[in-house]
Number of protein chains: 2
Amino acid sequence: MARASSLRRLPATRPVRAARSDNRLPEVLAQAARAFRAKGYDAASIRDIVGAIDMLPGSLYYHFPSKEALLLAVYAEGVRRFSEAVSAAIAASAAPWARLEAACIAHLETLLQESDFAQVVVRVRPSDVPAIAAQLVALRDGYEALFTRLVQALPLARGVDRRSLRLMLLGALNWSQTWYRGGRDDPRSIARQFVALLRQQLDSERRS
Amino acid sequence: MARASSLRRLPATRPVRAARSDNRLPEVLAQAARAFRAKGYDAASIRDIVGAIDMLPGSLYYHFPSKEALLLAVYAEGVRRFSEAVSAAIAASAAPWARLEAACIAHLETLLQESDFAQVVVRVRPSDVPAIAAQLVALRDGYEALFTRLVQALPLARGVDRRSLRLMLLGALNWSQTWYRGGRDDPRSIARQFVALLRQQLDSERRS
DNA sequence: CGTAAAAGCAAACACTCGTTTGGTATCGCA
DNA sequence: TGCGATACCAAACGAGTGTTTGCTTTTACG
């Protein structure tokens with residue numbers, strides 16, 4: 001059986017028949033992502049979300065059993081977009097540093113341009129939604145494991161802590177959401193700058 | 001006239017007489033910082049804050065005209081603590097890199113240990129509180145100017161973008177609030193690691 | 001076509017939110 | 001000691017919150 005678009009398995013009430021074509025679930029998700037990104041989880045109300053697509057508050061509960069479940073769906077989609085973008089980006093290169101740079105560029109372009117879903121992942125803190133905090137963290141950790149492997153592959157001088165390097169890089173990238181303004185900066189060059197600042201230790205003082 | 005403790009000028013209703021000794025404003029501020037840090041601005045309710053010190057919701061409005069004004073007071077105090085810690089720390093050293101490292105250590109220790117007030121500065125986004133967003137940004141910018149000067153003083157190879165360096169460093173430091181767990185890590189060594197990862201370009205290829 | 005499921009409407013529910021208003025102990029000070 | 005400002009209490013306000021319940025329209029499918 002085909003895996004389908006992955007959005008189709010999100011609703012909690014499983015249809016036994018195919019979804020109808022006038023299904024507005026995609027619009028709901030898009031608007032939810034937009035609202036969560038702009039206002040954060042608590043400040044974004046159900047009425048904000050559904051009102052933007054002329055739907056009534058109660059109607060949302062046909063698609064999701066709770067506001068938390070809605071956030072989880074948006075968050076999962078955000079993580080999926082990050083993973084997809086980065087996976088595709090690193091496939092092109094073989095050299096460890098080039099792969100890391102490609103990953104950072106893809107991460108930042110997804111975060112700062114393709115927007116909304118990805119921004120929610122960086123914006124919303126799992127601890128803000130205790131009921132699903134563990135699931136949010138698990139999703140994010142799954143994605144960041146990609147970077148763990150990329151950093152692991154780097155040829156570094158001994159004594160360089162790879163965990164610190166990963167945390168520093170991802171932290172700097174994610175924090176850019178705070179100060180980034182389109183037009184003035186662009187994601188690609190920011191990511192390149194950041195990687196370049198770390199690349200000073202030359203490759204392979206030891207085994208690859 | 002003495003400058004006083006700087007908390008005394010916070011209330012919006014200016015007393016013409018000295019404050020009474022049973023004044024619980026300090027406790028209100030401390031609890032507000034605690035709540036804003038733990039839950040964020042929107043999720044932390046007035047009742048959460050005053051309830052923790054057995055005060056009634058309405059009583060807060062003797063000290064502050066609005067919830068936003070309360071946040072502004074907490075935020076300003078947080079920025080003040082950052083500034084004070086970092087200013088004191090960089091006074092001890094003269095060498096540019098040592099000063100930057102000292103600043104980062106002080107920043108991170110303030111953020112991750114002395115806690116609450118400082119954490120609010122990193123946790124709460126100005127855009128979450130539009131009415132005072134501009135003032136929050138101004139406060140933070142004033143503090144971060146400290147780092148701009150520290151980075152400016154570094155002897156760097158030409159072609160190294162100082163703005164990127166500053167943004168990367170502060171971003172990585174601030175993001176640590178997300179993953180830091182006391183006991184496992186400690187702020188001092190984290191800050192040292194981060195600075196070390198950037199220090200590879202040797203001092204003064206050019207003028208000091 | 002007819003029918004069952006899908007998708008959403010309409011209206012309310014109980015609750016919490018920030019805030020206001022009027023009153024009152026209590027303290028600092030002359 | 002008395003007076004007035006200080007620092008609250010007590011109780012409510014209207015608006016907004018996530019969510020539920022019963023009903024209705026629309027669609028895909030046999």
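Residue numbers start from 1 in every chain, and the chains themselves are labelled A, B, ... in the order their sequence lines are given, proteins ahead of strands.
Using a 4.0 Å cut-off, some side-chain N or O of A/His63 falls inside it from OP1 or OP2 of C/dG8. The phosphate of D/dA7 has neither OP1 nor OP2 within less than 4.0 Å of any side-chain N or O from B/Arg24. In this model, the phosphate group of C/dA7 is approached by a side-chain N or O of A/Tyr62 to a distance below 4.0 Å at OP1 or OP2.
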Could you pull out every donor-acceptor pair under 3.5 Å between side chains of residues 67-76 of chain B and any protein atom, sequence neighbours left out?
| residue | atom | partner | partner atom | Å |
| --- | --- | --- | --- | --- |
| B/Lys67 | NZ | B/Tyr41 | O | 2.9 |
| B/Lys67 | NZ | B/Ala44 | O | 2.8 |

Contact state string [nucleotides 16-27 of chain C, B base, S sugar-phosphate only, - no protein heavy atom under 4.0 Å]: -BBBB-----BS
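The CG atom of A/Leu56 sits 10 Å away from the C1' atom of C/dA11 (whole-angstrom rounding). Rounded to a whole Å, the CG atom of A/Leu25 is 13 Å from the C1' atom of C/dG8. A straight line from CG of A/Leu60 to C1' of D/dT17 spans 14 Å, rounded to a whole angstrom.
Other residues, nucleotides and ligands contribute at most 12 non-hydrogen atoms within 6.0 Å of the CZ atom of A/Arg34.
Remark: B/Glu84 engages B/Arg80 in a salt bridge (charged side-chain N to carboxylate O under 4.0 Å, His left out) (not counting sequence neighbours). Here B/Arg37 pairs with B/Asp116 under the salt bridge (charged side-chain N to carboxylate O under 4.0 Å, His left out) rule; sequence neighbours left out. A search for ring pair (Phe, Tyr, Trp, His ring centres under 6.0 Å) contacts involving A/Tyr143 returns A/Phe82, A/His107, A/Phe147, not counting sequence neighbours. Taking the salt bridge (charged side-chain N to carboxylate O under 4.0 Å, His left out) definition, one finds that B/Arg192 meets it with B/Glu101, sequence neighbours left out.
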